[in-house]
Amino acid sequence: MNPELSALALLAVALVAANLPFLFERIFFAFKPASGIKNFGWRLLELIVLFFVVGGAAYLLESRQGSVHPQNWEFYAVAASLFVVFAYPGFVYRYLWRRRGA
């Protein structure tokens, strides 16, 4: 696969994955919460787990294209920050958007 195309595909997957916790009311897309509404703690835990899932997919994608470059903590800090920025539209939709009639 073309490296530029795979990087764009990975960014698209990260954008979708970062917003998934805010779009669904089931915990890890399988379990319905006891209260009926998933609280922010569960959404944050899902966001962290999805960050590692996308990171694992990125690692596999990079290893298929050649040698994997070693990364320092700065890379992971920037990647986590970017993932949180990607999650902002879902956060706005869930918590800040005023729905008519609500």
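Transitive grouping of hydrophobic side chains (ILVMFWY, heavy atoms separated by less than 4.5 Å) keeps L61 and L8 in distinct clusters. Hydrophobic cluster membership differs between W73 and V78, with clusters built from Ile, Leu, Val, Met, Phe, Trp and Tyr side chains linked at under 4.5 angstrom. If you chain together hydrophobic residues whose side chains sit under 4.5 Å apart, V53 and L23 never meet in one group. No chain of hydrophobic side-chain contacts below 4.5 Å, direct or via other Ile, Leu, Val, Met, Phe, Trp or Tyr residues, connects L15 to V13. F83 and L44 fall within a single hydrophobic cluster, where Ile, Leu, Val, Met, Phe, Trp and Tyr are joined by side-chain heavy atoms under 4.5 Å apart, directly or via other members.
Under 3.5 Å, the side chains of Y59 and R64 contain no donor-acceptor pair of N or O atoms.
Shown here is Y88, whose OH atom has no more than 12 heavy atoms of other residues, nucleotides or ligands within 6.0 Å. Enclosure of atom CG in L96 by more than 12 non-hydrogen atoms of other residues, nucleotides or ligands within 6.0 angstrom is indicated. In this structure, F31 places its CZ atom where only 12 or fewer heavy-atom neighbours from other residues, nucleotides or ligands lie under 6.0 Å away. More than 12 heavy atoms of other residues, nucleotides or ligands sit less than 6.0 Å from atom OH of Y95.
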- [ ] Begin from the C-alpha positions of L10 and V54 and carry the test side chain to side chain contact (heavy atoms under 4.5 Å, CB included) through to its verdict.
- [x] CA-CA 8 Å; L10 183 65; V54 171; 4.2 Å; yes
- [ ] Kindly determine whether V16 and F86 satisfy side chain to side chain contact (heavy atoms under 4.5 Å, CB included), including the steps that lead there.
- [x] CA-CA 8 Å; V16 170; F86 280 171; over 6 Å; no
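L11 CG to L82 CG: the interatomic distance, rounded to the nearest 0.5 Å, is 7.0 Å. Distance check: Q65 CD to L60 CG gives 11.5 Å after rounding to the nearest 0.5 Å. Here the CG atom belonging to L45 is positioned 10.5 Å from the CG atom belonging to N39, to the nearest 0.5 angstrom. Rounding to the nearest 0.5 angstrom, the gap separating the CD1 atom in I27 from the CD atom in E46 is 7.0 Å. Rounding to the nearest 0.5 Å gives a distance of 15.5 Å between CH2 of W42 and CD1 of I37.
For the pairing with E25, the side-chain hydrogen bond (donor to acceptor under 3.5 Å, both in side chains) check across R94, K38, K32 returns one residue only, R94.
Not one N or O on the side chain of Q71 forms a donor-acceptor pair closer than 3.5 Å with the backbone of Y76.
F91 places none of its side-chain heavy atoms less than 4.5 Å from the side chain of N19.
Under the 30°/60° scheme for interplanar angles, the aromatic rings of F40 and F22 are found to be tilted. Using cut-offs of 30° and 60° for the angle between ring planes, the W97 and Y93 rings count as perpendicular.
Annotation for A87 and A18: closest pair CB-O, 3.4 Å, computed over non-hydrogen atoms.
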